[in-house]
Each structure stands twice: as C-alpha cells, then as structure tokens.
Amino acid sequence: MSAPAARNANTSTNTVSPLRHRLIMGLVTGTLFMEILDGSVIVTALPAMAAAFGIAPVALNLGVSAYLLALGVFIPASGWLADRVGARRLLLPAIALFTFSSVLCAQVSSAHAFILLRILQGLAGAMMVPVGRLLILQITPRDQLMAAMTALVWPALVAPVVGPPLGAFITAHLGWRWIFYLNLPLGLLALGLAWALVPPGRPADAVTRPFDLPGFLLCGGGMFGLLYGLEWVADDVSLAGALVLALGCVLLACAWRHLQQSRAPLVDLSTLEIATFRTAIRGGLLCRMGIGSAPFLLPLLFQVGFGYDVIRSGWLVLCMFAGNLGMKALSVQVLRRWGYRRAMLGNGLLAALALAGFGFLTPTTPLPIMVALLFVSGLTRSMQFTVLGTLAYADMPKPRMSHANSLFNTTGQLAMAGAIALGALGLRLGAWLAPHLGWEGSAAAYPMAFGLAACVTLLGLVDALRLPPGAGDHFISRG
C-alpha cells in the first residue's frame, strides 16, 4: 500500500458521524458484555451440564477455565492483528466465530467436545473484545474519550454479578443449552451492526510492523501457566499447581525482558513509562483482584456460610449491582470534583472497608444493614473500576493506544483469574486459622477471606500515592 493510500485508510477509520459513533459504542459495549458474561454465566449451570454429559460437576470446571485461559493467551496478539488487517476485517470474523462456537456448545453431548469449543469461543472473544475497545479508542475524538471509556467500564461491572443468577434462571426454566443458544440472536445482531457500522481502514504503519512470534509464545505460555496455576491453586493447593504457577511467572519474566529488547515487540512496554497508565496497570491489577473477589465470595458466604437458598442469595448479590447502577451517573462528577488521585485513594479506602465489613456479617445481621453494605460496596466497586478504566488512557498518545489496549486487556484478564484465586486462598487460610482463633460455625473462614481481599485492595493504592497531585485531571475536564 502506498503512503497516500495508507493515510486515507487511516483517516477513514477515525472519521465517523456522532450517530454512527454512538451505535458503534453500543455494539462494542454489547460484545464486551457478552464475552464477560460467558465466563461466569455457566457456573451455576455446571451440575446440570455435568449430568447431561454423565460426569461429576467438578470435572467440568475445565469448561470455565479453558475459556478464560484462551482469552488470556490470545489477547496480547489482538492489537497486532487489528493493526495489521484493520478492526473491521478482524471484528467481523471474531463475532461470527464466537456466535458459531456458542451454538456448537449448545449442541455437544460430551465434555471433551465442550471444552474444545470453549477454547475456540475464548479465542474468538480474545479477538472480539480488545479489537472493539481499540476501535473506540481510534474513532473517538480526544475530548470525548473520557465518556467513551466510562461506558466501556459498565459491562465489566455488571456481567460478573448478574451472570450466575441469570445462568441459574435459564437452567431452571429453559435448560442449560439455552445459555448458549441465546448468543445466536445477539451474535447475529452484532454481526449485522458491525458490517453496517464499522469503517474500513487500518493504521498507516500497519504494513511495516512484523509479528513478534517469540514475544507471543513467551507471553502466551506465561499467561497460560499463570492463569492455570492460579486456577489450580484456588482449587487445590499442591506442589504441582505451585510449579505450574512458578513456570508461568518465569515465562512472563522472560517475556518482559524480550519485549524490552525487541525492536518490534508484540506489546510495547514503554507505555508503562507514563505514570497514569502505570498506576492503572500495576495498582489497578491489585485493586481489581481485591474488589473482584467479592462476586465470588458473597454467594458462597450466603449459601454455604449462612444456609440461604439460591434465590435469596441471588437477590442479595444483586444489591451490589444496584450500587453499580447508582454510581454510574455520578462517577464523572465525582472525578471532576475530587480528581483522579484523591478519588482513587478515598474510594479505594471505602471499597476496602466495605470488603472487610462483609467479614462481620452473620445470619442474624438485620437485612437492612446487609443490603446497605452490599449497596455501598457496589458504589465503590463501580467508582474504582471507572477510575482505573479511564485513568489508563488519560495521557496515552493515540499512536500508542494499540499497545496500551493490549496490555490493559491482558492485565484485566489476569485480575479476573487472580480475584477467584485470592478468594479461594483466603477461604483456605481462614479455615486453617479459625480453630486457632476460636472462630466457630460454617461461616468462620469468611472474615479472613474478606480481610485478605481488603488488604490487597489497600496495597493497590500505593501507586496512587506516588501520583503527583492533578495527574490525569485534564482528561476529566474534557467532554
């Protein structure tokens, strides 16, 4: 492609009408919600699925982890592919593959076929969602980027909370296969909208950047080892799981060194030199792990610890979703009033206190107090995710958005897996310490689990302390 043609292609990608921009925002937000939801919605359907396959429910956990592992392995390559072929040429096949694999998941009759299809679905999701986010970064004017990034935070807040109760409802009334069949009309709608709305074109430098195969193998292998190791340790603390986790860390360390030395790295780590992005990645990873453990721990607390039924537990957890919803309209105003640094520190402290507060709940706690704590936790969860999701791009130059987007999505996937492992580790630690501390009852392990989550959240605020006053605040004052 000649230089003028490349410039024209790049221009076509970045120029869209306001109405078309809003429709593309809806498309990307919808695909992001669908991808995250598919990681959590089948959790409550596993017993019914296992019965259909004739295996034990625990043996089907790999169907959940295989999807998340595929996401983690292939997300780092999504930015290069989008730059190479253009967002439209990658997004359309990704949506089609995600939809097709969902339909096949609904029709399988064996666990092995289901797991393979979940890997395929994860591969499609790894291309679909980061490319959609990158598309928004490319077509959104700088003065509207704050509002766009705030909107893209919403699916990550809602999907993990509503996924398990939604899966339980569909399984009870329609059958577990409809969890996947429902992706067919949604996927076809998304495919039609993408075909009509997403402009052609690709960045002008796309044809010259080679694929970093060693970087992909090291990053992919490291993410696989780390995510699978976390999954293993969360399920069963053993030497084998620790070795897999250690291998993942070693491969990621090698990947880090390679990416720093490569002339054309798969992910440009120089983006971490930008203080606001570094805080959103490093401190944000810990904050999202701590806060993200709540949707995993709360259903266990209510059902296993307190003996509540699934319906009552689901309604209580949805109080957190109500808090997410309540903060959505206020988050930008809070940021404009307090700024990024003070908002991240103050809200992060409140989020940690809310997490610690869950450890003091008992079956006799008055319902209004329980609901109020869940609602406040939802408020702080929504605010912190908004802070991190927008701060990451506050000072990021447009030409480096692709690399920043790949790194942000990769750490986000790691945070999701780390949150579950953190919750499980906290429960094991609590179960071991409870007899020594004189704690009794079926909920005795949960104060330690929520306390550990609160401590990790507080640890994630250290990077915010290092931010200079006013860092990133120019981004808030824009549209």
Side-chain angles (χ1 to χ4, degrees), residues 28 30-43 45-46 49 59-82 90-108 110-134 155-156 159-160 163 167 176 179-184 186-187 190-191 216-217 219-232 234 244 248 266 292 405-406 408-421:
V28 173
T31 57
L32 177 58
F33 180 82
M34 190 165 58
E35 181 260 315
I36 298 176
L37 186 69
D38 263 54
S40 62
V41 71
I42 73 167
V43 172
L46 288 181
M49 296 172 64
L60 204 55
N61 284 339
L62 191 57
V64 179
S65 56
Y67 176 77
L68 299 176
L69 286 171
L71 285 171
V73 169
F74 292 104
I75 278 176
S78 62
W80 181 88
L81 283 170
L90 186 57
L91 188 60
L92 288 172
I95 295 174
L97 181 60
F98 189 89
T99 305
F100 180 63
S101 58
S102 295
V103 174
L104 292 181
C105 281
Q107 296 177 335
V108 295
S110 73
H112 295 297
F114 176 73
I115 291 169
L116 289 175
L117 287 170
R118 286 290 280 176
I119 294 174
L120 186 64
Q121 196 178 27
L123 167 62
M127 299 297 107
M128 181 174 68
V129 172
V131 171
R133 188 190 295 269
L134 180 59
W176 67 265
I179 290 175
F180 299 100
Y181 278 134
L182 287 177
N183 280 339
L184 178 59
L186 296 176
L191 191 62
F216 171 72
L217 294 177
C219 288
M223 285 297 294
F224 180 88
L226 191 59
L227 293 174
Y228 188 54
L230 287 172
E231 176 85 12
W232 195 330
V244 172
L266 182 70
N405 182 62
S406 294
F408 184 80
N409 280 281
T410 301
T411 54
Q413 190 62 34
L414 179 58
M416 290 174 60
I420 297 174

For side-chain contact (heavy atoms from CB on, under 4.5 Å), just list the numbers for I95 and T99, CA-CA rounded to whole Å, side-chain angles, deciding distance to a tenth of an Å, and then say yes or no.
CA-CA 6 Å; I95 295 174; T99 305; 4.2 Å; yes
Of all the heavy-atom pairs spanning I75 and S406, show the shortest one and how long it is.
CG2-O, 4.0 Å
CG on N405 to OG1 on T410, rounded to 0.5 Å:
9.0 Å
At what distance, to the nearest 0.5 angstrom, does CZ of F98 lie from CG of L123?
11.5 Å
Look up atom CE in M49 and atom CZ in F114, then write down how far apart they are to the nearest 0.5 Å.
3.0 Å
By side chain to side chain donor-acceptor pair (under 3.5 Å), which residues pair with S102, not counting sequence neighbours?
Q121, N183
Which value, rounded to the nearest 0.5 Å, describes the distance between L186 atom CG and L191 atom CG?
12.5 Å
Which pair of heavy atoms, one from G292 and one from A419, lies closest together, and at what distance?
C-CB, 3.5 Å
Got a second to check how far R118's CZ is from L116's CG, nearest 0.5 Å?
12.5 Å
Testing the basics here: between C105 and F180, what is the closest heavy-atom pair and its distance to 0.1 Å?
CB-CD2, 3.7 Å
My understanding is that only residues two or more places apart in sequence, or in another chain, count here; which of them pass ring pair (Phe, Tyr, Trp, His ring centres under 6.0 Å) with F74?
none
Heavy-atom neighbours of F100 CZ exceed 12 at 6.0 Å
no
Taking all heavy atoms of T31 and all of V28, pick out the closest pair and write down the distance.
OG1-O, 2.8 Å
For L81 and L90, which heavy atoms make the closest approach, and how far apart are they?
CB-CD2, 3.6 Å
Can you give me every donor-acceptor pair (side chain of residues 219-226, partner residue at least two apart or in another chain, under 3.5 Å) with its distance?
none

Nearest atoms (heavy-atom pairs only) where S101 meets L117:
CB-O, 4.2 Å
